[in-house]
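One structure is given here, and the rest of the page talks about it.
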There are 2 protein chains.
Amino acid sequence: MSRADPGEVLAALGDPTRQQIVTRLASGQARTATELARDLPITRQGVAKHLATLRDARVVHREEVGRESRYRLDRDAIAAARSWIADVEATWDARLDRLADLAERDD
Amino acid sequence: MSRADPGEVLAALGDPTRQQIVTRLASGQARTATELARDLPITRQGVAKHLATLRDARVVHREEVGRESRYRLDRDAIAAARSWIADVEATWDARLDRLADLAERDD
DNA sequence: CAGATGTGCAACTCCATGGTTGCGTGTTGT
DNA sequence: ACAACACGCAACCATGGAGTTGCACATCTG
């Protein structure tokens with residue numbers, strides 16, 4: 001089972017509708033596509049497609065219960081994306097530190 | 001000067017090519033579109049368009065020097081995106097904590 | 001000044017994808 | 001058993017955006 005690819009997760013989180021879905025899933029219970037569609041201006045199938053791409057990116061996983069399937073956040077994938085961004089920041093900071101060193105050494 | 005919108009930043013970071021550009025910009029100096037295009041399988045104009053959307057999302061800002069314009073990372077916007085993700089995680093964690101409370105109270 | 005280099009802008013493809021409708025199937029509950 | 005509900009899948013449409021080429025303009029250099 002391959003781990004979540006940060007880049008893919010970022011791409012999944014890039015869409016505004018999917019951002020809303022993720023927000024909904026974070027603040028409440030695991031929800032079904034039909035429930036989510038009630039809050040959104042798109043159809044159930046539209047939501048379902050978004051959930052599919054979120055599932056491909058491992059941001060979400062499906063739990064089938066009887067005739068309905070509920071979707072739950074997968075914390076690890078989201079953490080991977082945050083980690084990627086944090087790495088960019090860290091690298092950037094390191095570069096600034098080097099510049100600071102040069103400035104000091106310049107005195 | 002309106003601040004960076006996390007959603008817009010996420011969208012900007014969603015594209016794989018732009019992810020590479022951001023990585024390049026994080027690990028080195030401010031670069032020009034022509035320089036970046038050398039590392040990438042697309043033309044300079046392609047890179048320029050990506051830099052434009054990164055600039056719209058405040059992920060990057062332009063520094064015009066003579067006839068060339070160099071692009072530099074804007075740390076704040078990236079931090080905003082990371083913060084958004086962190087919020088999702090925090091909300092999710094808080095929900096899990098509430099569940100734990102209920103479980104305890106259930107004993 | 002003339003050529004080389006760097007850039008931005010505009011027009012043009014083309015494909016990925018967000019969104020829809022329609023349908024068939026499985027589950028629930030009365 | 002049967003109606004209502006929930007879902008997945010497939011076909012379809014339209015728009016956006018990634019990428020290209022072409023060109024005009026600005027800047028540097030010999």
Side-chain angles (χ1 to χ4, degrees), chain A residues 4-5 7-25 28-74 77 81, chain B residues 4-5 7-25 28-74 77 81:
Chain A
D5 169 31
E8 203 179 348
V9 176
L10 258 314
L13 294 181
D15 182 82
T17 301
R18 286 196 287 270
Q19 287 168 16
Q20 295 199 43
I21 292 178
V22 168
T23 301
R24 300 282 194 293
L25 287 181
Q29 300 199 20
R31 302 208 166 275
T32 163
T34 309
E35 293 172 0
L36 289 167
R38 291 198 197 103
D39 293 349
L40 298 169
I42 60 176
T43 60
R44 170 185 67 87
Q45 287 85 343
V47 175
K49 286 179 85 174
H50 282 301
L51 287 171
T53 77
L54 285 172
R55 200 154 58 93
D56 286 346
R58 323 255 179 199
V59 174
V60 131
H61 64 101
R62 183 161 54 167
E63 299 176 356
E64 317 200 10
V65 182
R67 73 175 151 182
E68 67 186 14
S69 61
R70 319 196 68 87
Y71 292 84
R72 196 179 295 273
L73 267 193
D74 187 346
Chain B
D5 170 30
E8 203 179 349
V9 176
L10 258 312
L13 294 181
D15 182 81
T17 302
R18 285 195 288 270
Q19 288 168 17
Q20 295 200 44
I21 292 178
V22 167
T23 301
R24 301 283 194 293
L25 287 182
Q29 300 199 21
R31 301 206 166 278
T32 162
T34 308
E35 291 172 1
L36 289 167
R38 290 198 196 102
D39 292 349
L40 298 170
I42 61 177
T43 60
R44 171 186 67 86
Q45 288 85 344
V47 175
K49 287 178 85 175
H50 282 301
L51 286 171
T53 78
L54 285 173
R55 201 154 58 91
D56 286 346
R58 323 256 178 196
V59 173
V60 129
H61 64 102
R62 181 160 55 166
E63 300 177 355
E64 316 199 13
V65 182
R67 72 174 153 183
E68 67 186 13
S69 61
R70 318 195 69 86
Y71 292 84
R72 194 179 295 273
L73 267 193
D74 187 346

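Chain naming here is simple, since letters A, B, ... match the order of the sequence lines and numbering starts at 1 in each. Because the structure is a prediction, the values reported are computed rather than measured.
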Exercise. Return no unless some side-chain N or O of B:Arg62 is found under 4.0 Å from OP1 or OP2 of C:dG8.
Key: yes

Quiz item: Residues in side chain to side chain donor-acceptor pair (under 3.5 Å) with A:Glu8, at least two apart?
Solution: none

Quiz item: For A:Arg70 and D:dA6, what is the distance between atoms CZ and P respectively, to the nearest whole Å?
Solution: 11 Å

Quiz item: If you take all heavy atoms of B:Gly14 and B:Gln19, which pair is closest and at what distance?
Solution: O-NE2, 3.4 Å

Quiz item: Whole Å only: how far is the CZ atom of A:Arg67 from the P atom of D:dA6?
Solution: 6 Å

Self-check item: Beyond-backbone contact of B:Asp39 with B:Gln20, side-chain heavy atoms, under 4.5 angstrom
Solution: no

Quiz item: Of the nucleotides D:dA18, C:dT20, C:dG8, which one has an atom closest to the side chain of B:Ser69?
Solution: C:dG8

Self-check item: Spacing between B:Leu36 atom CG and D:dA18 atom C1', to the nearest angstrom
Solution: 17 Å

Practice problem: Tell me, yes or no, whether the heavy-atom count around A:Gln29 atom CD, taken from other residues, nucleotides or ligands under 6.0 Å, exceeds 12. | Solution: no

Practice problem: Could you tell me whether A:Arg18 contacts a base, only the sugar-phosphate backbone, or nothing, with contacts defined as non-hydrogen atoms closer than 4.0 Å? | Solution: sugar-phosphate

Quiz item: Separation of B:Asp15 atom CG from C:dC15 atom P, in whole Å?
Solution: 17 Å

Quiz item: Where each residue is assigned the nucleotide of DNA chain C containing its nearest heavy atom, which of A:Val65 and A:Ile42 is assigned the position nearer the 5′ end?
Solution: A:Ile42

Practice problem: Measure the distance from CZ on B:Arg38 to C1' on C:dG6 and round it to the nearest whole Å. | Solution: 10 Å

Practice problem: Please work out which residues in residues 43-55 of chain B have a non-hydrogen atom less than 4.0 Å from an atom of DNA chain D and list them by number. | Solution: B:Thr43, B:Gln45, B:Gly46, B:Lys49, B:His50

Quiz item: Nearest heavy-atom pair of B:Tyr71 and B:Leu25: which atoms, and what distance?
Solution: O-CD2, 3.4 Å

Self-check item: Heavy-atom pair with the smallest gap, counting every atom of B:Ala12 and B:Val59
Solution: CB-CG2, 4.4 Å

Quiz item: Quick one: A:Gln20 CD to C:dG19 P, roughly how many Å, whole number?
Solution: 10 Å

